[in-house]
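First up is the structure itself, then whatever we jot down about it.
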Protein chains: 2
Amino acid sequence: MARQTISDSALLDTALDLFRTHGAEGVSLSQLSQATGLEKASLYYRFPGGKEEIILATLASVGQWFENQLFPALRSPGPPRKRAAKAAEILRAFYQDGARSCVTDVLSLPGGSPQRHQALQTAMEAWIAAFAALARESGLPPAAARQAAEEAVIRIEGSLVLSRVLANPAPFHRTLKQLPDLLTTR
Amino acid sequence: MARQTISDSALLDTALDLFRTHGAEGVSLSQLSQATGLEKASLYYRFPGGKEEIILATLASVGQWFENQLFPALRSPGPPRKRAAKAAEILRAFYQDGARSCVTDVLSLPGGSPQRHQALQTAMEAWIAAFAALARESGLPPAAARQAAEEAVIRIEGSLVLSRVLANPAPFHRTLKQLPDLLTTR
DNA sequence: GCTACTTTACCGATCGGTCGGTATCCAAGA
DNA sequence: TCTTGGATACCGACCGATCGGTAAAGTAGC
C-alpha cells in the first residue's frame with residue numbers, strides 16, 4: 001500500500017464527527033485510528049504534530065467548508081432574504097437538523113492551545129463578517145449590520161445547545177427560520 | 001482526621017470551575033485531587049461512584065444554586081422588569097462577566113452518560129420554566145411566554161460561546177441588558 | 001530500487017479505580 | 001475522670017488499562 005488508503009478530507013470528516021460528539025479531550029488516538037482505519041503510527045505519519053495537529057487540520061477543513069459552501073450562498077446574486085434562507089438551509093444540513101454540535105462551541109474551552117483558540121476566533125470572525133456583509137447589502141448601516149450578524153451567530157449557537165440538551169430540534173429549526181428576518185431589513 | 005478538611009460545597013465549587021474550563025473528559029482525578037487538596041482515594045471515599053458521581057453532584061450543586069439564587073429573584077415581589085434585571089445581574093456574576101462557560105453547554109456532549117443528560121435536561125427545563133413564569137406574569141400568553149423564555153436561554157448560551165471564542169465580554173453583556181425586554185411586555 | 005505510505009511492536013506516563021491501613025473524634029463503660 | 005472502642009475521614013501504594021507518541025520494519029506502486 002504505497003497509495004493513501006483514505007483521503008485527507010475523508011479522514012478529517014471522520015475526525016470532525018468524533019470531535020463534535022466527544023470534545024477534544026474526549027477523543028483518543030485509538031478512536032481516531034479505529035474510525036479512520038489507519039493505525040496510530042500512520043496518523044503520525046500524516047500529522048506529525050499528533051492530536052493537536054489533527055484538531056487544527058479539522059478546524060481548517062471546517063473553515064474551508066464554510067468558505068466553499070456557506071459564504072458563496074450569502075454572496076450569490078438575488079434578493080438578500082432569499083440568500084439568507086438558502087444559508088439557513090445549508091446550516092441546517094451542516095448541523096444535521098440540530099443533532100450535531102458546533103465544533104466552534106465544543107473545541108473552544110479555555111483549556112485548549114493558543115493556536116486552536118486563534119483558529120476558532122478567525123473562523124468565527126469570518127462567519128460574522130459574511131453575515132454582516134449580507135445585512136449591509138440589504139440596507140442596514142454597518143454598525144447595525146455587524147450587531148445583527150453577531151446576534152444571528154449567537155442564536156444559532158445557543159439554539160444548538162438548547163436543542164442538544166432538550167433533545168428537541170425545534171429551537172434550532174425555529175432559529176433558522178428567523179434568520180432572514182434577522183439579517184435583512186424587512 | 002475525623003473532621004472533613006473541605007466541605008462538600010467548597011469541593012463541588014472547585015470541581016465546577018475545573019469542569020467548565022476543561023470539560024468532563026478534560027478533567028482527571030489527579031487534577032481534582034490537587035485542586036481540592038484531597039487524595040484520589042479520599043475522593044472515592046466521598047464519591048464512591050468516582051468521576052461520574054462527582055460530575056452528577058456538581059450538576060446538582062449548580063441546580064441548587066439556581067434554585068436558591070436565581071429563581072427567588074425571578075419570583076420576588078416587584079415589577080417584572082426589575083426582577084428580570086436583577087436576574088441578569090445574578091447571571092452576570094455566575095458567569096463572571098462571560099469569562100466562564102456554562103456547565104450545561106460544556107457537559108452536554110452526546111458522549112456523556114444518560115443520567116448526566118437527564119440531569120442537564122431537568123435543570124434546563126427548570127430554568128426555562130422560571131423565565132416563562134415571569135414572562136406570563138408580565139402579561140404574555142402562555143405559549144408566547146414559553147417561547148420568550150427559550151429565546152432568552154438561547155441568547156444567553158449563545159452569547160457565552162461568542163464571548164468565549166472572541167475573547168470579548170461585550171456580546172454577553174449586551175445579551176443580559178436585553179433580558180428585561182425579552183421576558184416582559186413593554 | 002527508490003519513494004510513499006502503512007504497520008508491528010514498543011515506550012514511559014497517566015488514566016480511573018482499589019486496597020490496607022492510619023489519624024482523629026466522640027461516646028459509652030468503669 | 002480516665003479508658004477504650006467504634007465510626008469517620010483521610011492517605012500511600014498499588015492495580016491493569018489506556019494514554020499520546022516513537023522507531024524500525026515491511027509493502028505497494030512508480
Side-chain angles (χ1 to χ4, degrees), chain A residues 1-59 61 106-107 109 111-116, chain B residues 1-59 61 106-107 109 111-117 119:
Chain A
M1 289 192 207
R3 212 64 251 143
Q4 280 190 353
T5 60
I6 179 175
S7 72
D8 266 26
S9 95
L11 195 158
L12 293 177
D13 279 359
T14 302
L16 171 61
D17 242 34
L18 281 175
F19 284 129
R20 77 205 312 205
T21 305
H22 300 96
E25 319 274 355
V27 178
S28 70
L29 288 183
S30 319
Q31 284 177 269
L32 245 5
S33 161
Q34 197 194 341
T36 59
L38 274 182
E39 290 300 323
K40 245 188 325 176
S42 306
L43 288 175
Y44 270 88
Y45 176 77
R46 304 268 284 265
F47 304 92
K51 191 168 155 181
E52 186 63 28
E53 186 175 339
I54 298 179
I55 292 177
L56 259 21
T58 302
L59 252 31
S61 157
V106 167
L107 298 182
L109 293 201
S113 77
Q115 292 173 58
R116 191 194 305 179
Chain B
M1 288 188 210
R3 204 67 246 139
Q4 281 190 352
T5 59
I6 178 176
S7 72
D8 266 26
S9 94
L11 194 159
L12 293 177
D13 279 358
T14 302
L16 171 62
D17 242 33
L18 282 174
F19 283 128
R20 78 206 309 207
T21 304
H22 299 98
E25 319 275 354
V27 178
S28 70
L29 288 183
S30 319
Q31 282 177 269
L32 245 4
S33 162
Q34 197 194 340
T36 59
L38 275 182
E39 290 301 322
K40 240 183 336 170
S42 305
L43 288 175
Y44 270 88
Y45 175 77
R46 303 268 282 264
F47 304 93
K51 191 167 153 179
E52 187 63 30
E53 185 175 340
I54 297 180
I55 292 178
L56 260 19
T58 303
L59 252 31
S61 159
V106 167
L107 297 183
L109 292 201
S113 76
Q115 291 173 59
R116 191 195 305 179
H117 197 269

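Just so you know, these numbers come straight off a predicted model, no measurement behind them. First the proteins, then the strands, lettered A, B, ... as listed; each starts at 1. Keep in mind that the numbers below use all heavy atoms, side chains included, and drop hydrogens, waters and symmetry copies.
Remark: Q34(A) engages no residue in a side chain to side chain donor-acceptor pair (under 3.5 Å) (not counting sequence neighbours). For Q115(A), there are no side chain to side chain donor-acceptor pair (under 3.5 Å) partners, not counting sequence neighbours. For A119(B), the side chain to side chain contact (heavy atoms under 4.5 Å, CB included) partners are L59(B), not counting sequence neighbours. Under the side chain to side chain contact (heavy atoms under 4.5 Å, CB included) criterion, Y44(A) pairs with L29(A), sequence neighbours left out. By the side chain to side chain contact (heavy atoms under 4.5 Å, CB included) test, A24(A) pairs with I55(A), L107(A), R116(A), sequence neighbours left out. In this view, S113(B) and E52(B) satisfy the side chain to side chain donor-acceptor pair (under 3.5 Å) rule, not counting sequence neighbours. In this view, S30(B) satisfies the side chain to side chain donor-acceptor pair (under 3.5 Å) rule with no residue, not counting sequence neighbours. With sequence neighbours excluded, the residues that form a side chain to side chain contact (heavy atoms under 4.5 Å, CB included) with S9(B) are S7(B).
Separation of atoms CZ (F19(A)) and CG (L32(A)) is listed at 5.0 Å; rounding is to 0.5 Å.
An end-to-end axis angle of 10° holds for the helix from dG1(C)-dC30(D) to dA30(C)-dT1(D), taken from five base pairs per end and rounded to 10°.
Between the CD atom of E39(A) and the P atom of dT8(C) there is a distance of 5 Å, given to the nearest Å. Atom CZ of R3(B) is separated from atom C1' of dA7(D) by 12 Å (rounded to the nearest Å). One interatomic measurement links the two molecules: CD1 of I6(A) to P of dT7(C), which rounds to 11 Å at whole-angstrom precision.
Residues from residues 7-36 of chain A with heavy atoms under 4.0 angstrom of DNA chain C: there are none. DNA chain C is contacted by K40(B), A41(B), Y44(B), G50(B), K51(B) of residues 40-59 of chain B, taking any non-hydrogen atom closer than 4.0 Å.
For residues 11-27 of chain B, every residue pair satisfying the side chain to side chain donor-acceptor pair (under 3.5 Å) rule, not counting sequence neighbours, is listed here: D17(B)-R100(B).
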